[in-house]
Structures are given as structure tokens and as C-alpha cells.
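For ligands, and for the atoms within them, numbers begin at 1 and follow the listed sequence.
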Amino acid sequence: MTVKPVRKAVFPVAGLGTRLLPATKTMPKEMLTIVDRPLIQYAVDEAREAGIEQLIFVTGRGKGSLVDYFDMSFELEATMEKAGKSLDALQSSRTDYGEIVAVRQQRPLGLGHAVWCARHVVGDEPFAVLLPDDLMVPGALKQMVAAYNEVGGNIVCAAEVPRDKTASYGIVTPGARDGNRTEVKGLVEKPKPELAPSTLAVIGRYILQPEVMGVLDAQEPGAGGEIQLTDAMARLIGRQPFHAVTVDAVRYDCGTKLGFVTANLALGLADAEIGADLRNYASSSMSQ
Ligand code: G1P
């Protein structure tokens, strides 16, 4: 089966980050740092690792620093070079000409609306969506692209969640299972535990066909009064192949205080430079 390659990725980054106030009062939540780099850097690295060539940021007012971050910092680089300092730490934050395109989501109408704002840049090809506050270690998109190359259509990343948490996620009605792939028979956004069709939840990584944009053109508000990506995706089921893929990655929900601090601890402990010292500190403070 020949499938069109996934070359573009949409990063919905216009959200207000209210769950992490006051930290996010003047700083985008995607600029919050896990060990030594902002969340957005992890998502961009994951996309590049999966073969993505164009990064489409859906931003909003007050979020300009996200685009600036990936620009060349001329003064900084010139000053460092003059002082004989290495520019290695800046390497992954550099982008090629035209690698990033930013569009604006002028009103916070929901994830489906954010993705729809990228429709003209996405055009007529499949695309990925990455929600940077879902930090996946190691990156999940590469594994999803591998599944996509086998079955085509639409793919969501999925993981089992406790039943009392279904109201925080898009939930899958599962069909036949084949290895790490489950056929998606239905999708519902944030169902109450007693109404959830399963406990298989959508995690913030998607590979979608461009037809979802046409569905989003007319999508009415759903859960929480927002235009939901889940509702638009649900309409593609039966018309196009649709699978959920479970990946070999740990997910940190960095949109919550606990997830954010846990990610810093886990990645800090695994860090070549600071891991050993951090482990010593953690074990000595726990024995006090
Ligand atoms: C969004 C999606 C939801 C998905 C979740 C994953 O919800 O709407 O379907 O399960 O991301 O993190 P949000 O967390 O933005 O409320």
C-alpha cells in the first residue's frame, strides 16, 4: 500500500496554560523547562526524528517567544563566537529558512479550531499534530509514522488510563487489535466514567488525513463548549482507515503541576550531567 508521506506537523500552542498559573502568566506553558530545554523543543525534536520537514505553530497573542525561540539569535551568537564560546547548546533550537510557519488562532475556541486554523498551510496532504504539554519519552511520533506507513489513514496515539480519569481525554471504542494497533470504531471526547466506551485514551499525538479540515469547517462546539478535534475525527471513522497505536513511551502530562515536576525529576535522574548528583540528593533528603 502506498501512502502519502507525513511531512508537516501542527503544534497547537495558543492555549492559556491556566492550570500552571502563576508560572504561565507572562510565559507560554510550552516554554516551561524540563531539565535544560523548553517543552516545545522536545516536541519539535520528536517531529524531526519522525521525518517531519515543516513545523506549523498555531499561536496566539503573547506567545511570540515560541517562534522567536527557534529563530537565529544574532546578537547572542555573534557575542558568544567572539568570546570563543561553543554554540552547541543552541543547535537544536536553530531552524532552516521556511521550516517554521506560524498562524494565529485569534480566539480560544478549542483544539479542533486550532488545527483548522492551519488548514491553508497543511493543504492537501496528511499531517501530524503534536500537543507539546504531553511529553513523550522517547518520542512517539516515529512509531506512529511506522504504523501509518503500513495502514495509512488516521492514527491516534493511545494509552490505557484509570476509569475515573476518562473525563479528561478523548476515549476510543476499540475494534480488532493487531500488535500495537487497535482499530478505532468510535471516539468520544471526555466522557464520564460510567459512559466511557473503554479506558483507551487518546494521547496528544495524531496523524490525520487532510479531509478532517473539511469536517472542521462545519464542526459545532462539543464537550466544554469547544470545537473538538475528537468530534471531527469521529466523523472520518468508516470513511477512512482509523487506528489507535500504543507506543513504547512514558507520557508526562506537563500541563499539570504533578506531571511537570515528575518529568523534571525523571529526566533529571536520567541526565548524564546531573543524574548522579540528583539521585544522591533525592535519596539523602528522603532518608531525613
Ligand atoms: C486534548 C484532547 C483529548 C486528548 C488530550 C490528550 O484534551 O481534546 O481528546 O485525550 O488532549 O492530552 P485537553 O488535554 O486539551 O483537554
Atoms of ligand 1, numbered as shown, that sit under 4.0 Å from any heavy atom of Gln228: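 Atoms satisfying the 4.0 Å criterion: 8 (O).
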Interfacing atoms of ligand 1 (cut-off 4.0 Å, heavy-atom, Gly204):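 Once the distances to Gly204 are compared, the set is 6 (C).
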Any Arg251 heavy atom less than 4.0 Å to ligand 1: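 Arg251 counts as a contact of ligand 1 under the 4.0 Å cut-off.
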Heavy-atom gap Thr230 to ligand 1 smaller than 4.0 Å: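 So Thr230 counts as touching ligand 1.
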Shortest non-hydrogen contact from Ile237 toward Leu187: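 That would be CD1-N, 3.9 Å.
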Counting non-hydrogen protein atoms only, what is the nearest one to [atom]? Give residue, atom name and distance.
atom                    : answer
atom 12 (O) of ligand 1 : Asp134 OD2, 2.7 Å
atom 5 (C) of ligand 1  : Val202 O, 4.0 Å
atom 11 (O) of ligand 1 : Leu131 CD1, 3.4 Å

Centroid separation Phe127 to Tyr206 less than 6.0 Å: no
Neighbour count >12 (heavy atoms, 6.0 Å) for atom CZ, Arg94: yes
Lys190 atom NZ, neighbour heavy-atom count above 12 within 6.0 Å: yes
Pick from Glu189, Lys190, Glu226: the one approaching atom 8 (O) of ligand 1 most closely through a non-hydrogen atom: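 Selected option, by shortest heavy-atom distance: Glu189.
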Protein contact for atom 15 (O) of ligand 1 (heavy atom, distance under 4.0 Å): no
Salt bridge (Lys or Arg N to Asp or Glu O under 4.0 Å) partner of Glu99, the single match among Lys8, Arg48, Arg7: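 In the set Lys8, Arg48, Arg7, the residue that makes a salt bridge (Lys or Arg N to Asp or Glu O under 4.0 Å) with Glu99 is Arg48.
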Test side chain to side chain donor-acceptor pair (under 3.5 Å) applied to Lys29 and Thr18, Asp133, Thr24, the passing residue: Asp133
Spatial distance of atom OG (Ser92) from atom CZ (Phe70) [nearest 0.5 Å]: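 Ser92 OG to Phe70 CZ: 7.5 Å, rounded to 0.5 Å.
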Leu111, any N or O under 3.5 Å of ligand 1 N or O: no
